[in-house]
Amino acid sequence: MSDGREGHGASGKPFALDCCGGLNNVDYSQMDLAPARGLLRLIDFGETTFCVAVAAIIFNPLFWNLVARWEHRTRRLTALFGSPYVACYCLGFVILLLNVCRSHSMTVAMKAQPRWEVLERTEVYYTGVVLMVVGTVLVVSSFLALGFTGTFLGDYFGILMDEKATGFPFNFVENPMYWGSTANYLGLALIGCSPVGLTLTAIVAVVYKVAIQFEGPFTERIYQERSRRSKHE
């Protein structure tokens with residue numbers, strides 16, 4: 001879309017500029033990159049605790065998705081424990097332990113590297129507190145709405161809910177468990193003025209976003225299969 005203005009190229013021929021100049025016409029050399037450079041200087045990406053935290057962030061959703069899909073396909077965990085409920089509770093317990101380990105590794109990584117003076121402000125601290133409160137509300141209310149089996153992949157064990165959860169917090173945000181957890185980590189990073197914490201939180205958000213792309217359609221397929229079976233019975 002053009003606003004009718006024209007520019008001139010090297011050949012002297014006029015060309016239409018995009019509305020507001022367009023991103024291609026922005027002189028990025030004039031951008032102040034000092035804050036970004038300052039942030040990057042405070043992060044040691046090769047430091048052991050940072051690498052461990054990143055590994056834990058990536059491993060957790062990969063683990064529970066692979067195990068849950070394997071169970072859905074083979075029912076091996078159900079056969080091992082003698083009940084889909086017992087199997088689901090055991091997997092849920094393992095997931096909780098893994099999440100505790102992830103949180104611990106992120107906390108250790110934040111403490112091992114410098115604070116960012118830019119974040120040492122009262123308003124940043126209280127923003128972090130608010131984010132942690134909001135995140136906790138989203139996680140707890142999501143758990144209460146879904147129950148243990150609904151939260152910890154009971155669908156993959158054949159433990160299906162009667163109907164989709166549509167009340168709070170699901171009418172407030174999709175995947176509230178994931179984004180509530182992300183908000184908690186972001187709040188913790190802001191409270192600790194931690195550039196490493198901000199970086200790890202960004203990785204958490206990206207990993208969760210990828211996990212959602214795999215989990216959502218697969219879960220929908222499980223309920224569609226139930227619906228088709230019900231129609232044939």
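- There is a side-chain donor-acceptor pair under 3.5 Å between Glu215 and Asn65.
- Taking each heavy atom of Thr201 and Ala189 in turn, the nearest pair found is OG1-CB, 4.3 Å.
- The closest side-chain heavy-atom distance from Leu144 to Phe168 is not below 4.5 Å.
- Between Leu98 and Trp64, the closest side-chain pair of non-hydrogen atoms is not below 4.5 Å.
- Looking only at distances, no side-chain donor or acceptor of Ser142 sits under 3.5 Å from a matching main-chain atom of Val139.
- Atom CZ of Phe143 sits in a crowded spot, with more than 12 heavy atoms from other residues, nucleotides or ligands closer than 6.0 Å.
- For the pair Met177 and Phe170, the minimum side-chain heavy-atom distance is 4.5 Å or more.
- Remark: Glu47 CD is packed, more than 12 non-hydrogen atoms of other residues, nucleotides or ligands lying under 6.0 Å away.
- In Gln213, the CD atom is crowded: over 12 heavy atoms of neighbouring residues, nucleotides or ligands sit closer than 6.0 Å.
- In terms of heavy atoms, Ala56 sits closest to Arg102 at CB-CA, 4.0 Å.
- Residues Ile95 and Trp70 share a single hydrophobic cluster, defined by chaining ILVMFWY side chains whose heavy atoms lie under 4.5 Å apart.
- Taking the side chain as every heavy atom from C-beta outward, Thr107 and Lys111 approach each other to under 4.5 Å.
- The shortest non-hydrogen separation linking Ala109 to Val196 is O-CG1, 4.0 Å.
- In this structure, Phe63 is a member of the same hydrophobic cluster as Tyr156, with clusters built from ILVMFWY side-chain heavy atoms closer than 4.5 Å.
- Follow the hydrophobic side-chain contacts under 4.5 Å out from Val207 and you reach Phe45 in the same cluster.
- Going from atom CH2 of Trp116 over to atom OG of Ser194 covers 11.0 Å, rounded to the nearest 0.5 Å.
- Side-chain contact between Tyr178 and Val204: absent, with no pair of heavy atoms (C-beta onward) separated by less than 4.5 Å.
- Cys51 SG to Asp44 CG: the interatomic distance, rounded to the nearest 0.5 Å, is 8.0 Å.
- You'll find the side chain of Cys193 stays beyond 4.5 Å of the side chain of Tyr125, heavy atoms only.
- In this structure, Ile159 and Cys88 have side chains that are in contact, with non-hydrogen atoms separated by less than 4.5 Å.
- Contact record, Glu123 with Thr127: O-OG1, 2.7 Å, taken as the closest heavy-atom pair.
- When the side chains of ILVMFWY residues are joined at heavy-atom separations under 4.5 Å, either directly or via intervening members, Leu186 and Val124 end up in a single hydrophobic cluster.
- Note that CG of Asp155 and CD1 of Ile222 are 5.5 Å apart. Values are rounded to the nearest 0.5 Å.
- The distance from atom CG of Asn99 to atom CD1 of Ile57, rounded to the nearest 0.5 Å, is 11.0 Å.
- Geometric assessment of Arg69 against the ring of Phe218 yields a positive cation-pi assignment under the 6.0 Å and 45° thresholds.
- Residue Pro217 comes nearest to Ile212 through the heavy atom pair CD-O, 3.9 Å, listed as atom of the first residue, atom of the second, then distance.
- A 4.5 Å side-chain heavy-atom check between Phe157 and Leu91 finds at least one atom pair inside the cut-off.
- Closest of all the heavy-atom pairs between Glu71 and Thr78 is OE2-OG1, 2.6 Å.
- Judged purely by distance below 3.5 Å, without hydrogens or angles, the side chains of Ser103 and Tyr185 pair a donor atom with an acceptor atom.
- For Phe148 and Phe152, the ring centers sit closer than 6.0 Å to each other.
- For the atom pair CD1 of Ile191 and CG of Leu131, the computed distance is 8.5 Å after rounding to the nearest 0.5 Å.
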Step-by-step side chain to side chain contact (heavy atoms under 4.5 Å, CB included) determination, Tyr223 to Met161:
CA-CA 9 Å; Tyr223 281 90; Met161 299 182 67; 3.7 Å; yes
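- No more than 12 heavy atoms of other residues, nucleotides or ligands sit less than 6.0 Å from atom CZ of Phe214.
- The CZ atom of Phe59 sits 12.0 Å away from the OG atom of Ser105 when rounded to the nearest 0.5 Å.
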